[in-house]
Amino acid sequence: VRDLERRLFGRRVTPAHIIASAQELYRVLLNENWRVLPAQFEIPSRTHVIAELIRAAGFEARAFQADVGSEDDVARLEREVSSTLGKADILINNAGITWGAPVDKFPAAAFDSVMAVNVRAPFQLVQALLPQLEAAASDDDPARVINIGSVYGISTQVQTAWSYGASKAAIHHLTAT
């Protein structure tokens with residue numbers, strides 16, 4: 001993993017360094033001959049555009065769409081990945097949402113939604129895809145999980161995005177354990 005980190009970022013990665021875009025991450029992984037299967041939920045056509053760009057570069061790609069805040073969609077995504085690949089070399093958790101409002105007006109439902117997508121979903125995706133990650137792993141070449149965090153997980157400068165900073169601190173903690 002440290003060798004991959006150096007190729008991706010030029011140094012050992014800490015939560016403050018996780019600022020590279022998904023496109024750059026895809027590019028590096030493709031150059032290493034990894035199969036990249038983008039899965040996004042916010043804009044369905046965006047996922048297919050990314051997959052098409054990957055295919056145009058001469059690599060294999062298949063797009064998946066899932067609302068990672070939905071347990072049903074996470075289960076469906078696991079079934080699709082399993083039937084498509086049977087194994088998964090790498091899982092990149094890059095989904096994230098935010099919400100901003102003054103503390104006295106911040107809706108509980110918004111807080112829960114941010115936590116569901118930014119914290120619960122990456123955890124559930126690891127759980128769901130663990131058999132595929134284990135199937136791909138070997139002693140010499142383990143499977144990987146990359147959780148994309150934010151500098152706001154280590155900073156208190158989140159203004160009115162109360163749940164966002166807390167969610168990113170949580171994903172940093174889950175990644176370190």
Self-check item: Any donor-acceptor pair under 3.5 Å from His172 side chain to Val151 backbone
Solution: no
Exercise. Please name the pair of heavy atoms, one in Ala143 and one in Ala88, separated by the smallest distance, quoted to 0.1 Å.
Key: CB-O, 4.0 Å
Donor-acceptor pairs under 3.5 Å, side chain of residues 101-115 to any protein atom, not counting sequence neighbours: which ones?
none

Quiz prompt | Distance, nearest 0.5 Å, that separates NZ of Lys168 from CD1 of Ile154 | solution = 13.0 Å
Exercise. Quick one: list whatever passes salt bridge (Lys or Arg N to Asp or Glu O under 4.0 Å) with Arg76, sequence neighbours left out.
Key: Asp73, Glu80
Quiz item: How long is the gap from OG1 on Thr175 to CG on Asn93, to the nearest 0.5 Å?
Solution: 8.0 Å
Self-check item: Atom pair CG/CG of Leu91 and Asn147 - distance to nearest 0.5 Å
Solution: 7.0 Å
Under 3.5 Å donor-acceptor pairs involving side-chain atoms of residues 117-132, not counting sequence neighbours:
from: Asn118; atom 1: OD1; to: Ile97; atom 2: N; distance (Å): 2.9
from: Asn118; atom 1: ND2; to: Ile97; atom 2: O; distance (Å): 2.9
from: Asn118; atom 1: ND2; to: Ser167; atom 2: OG; distance (Å): 3.0
from: Arg120; atom 1: NE; to: Gln124; atom 2: OE1; distance (Å): 3.3
from: Arg120; atom 1: NH2; to: Gly69; atom 2: O; distance (Å): 2.7
from: Gln132; atom 1: NE2; to: Glu78; atom 2: OE2; distance (Å): 2.7
from: Gln132; atom 1: NE2; to: Ser82; atom 2: OG; distance (Å): 3.2

Quiz prompt | Those residues that, when tested against Ser138, pass side-chain contact (heavy atoms from CB on, under 4.5 Å) (two or more places apart) | solution = Asp140, Asp141
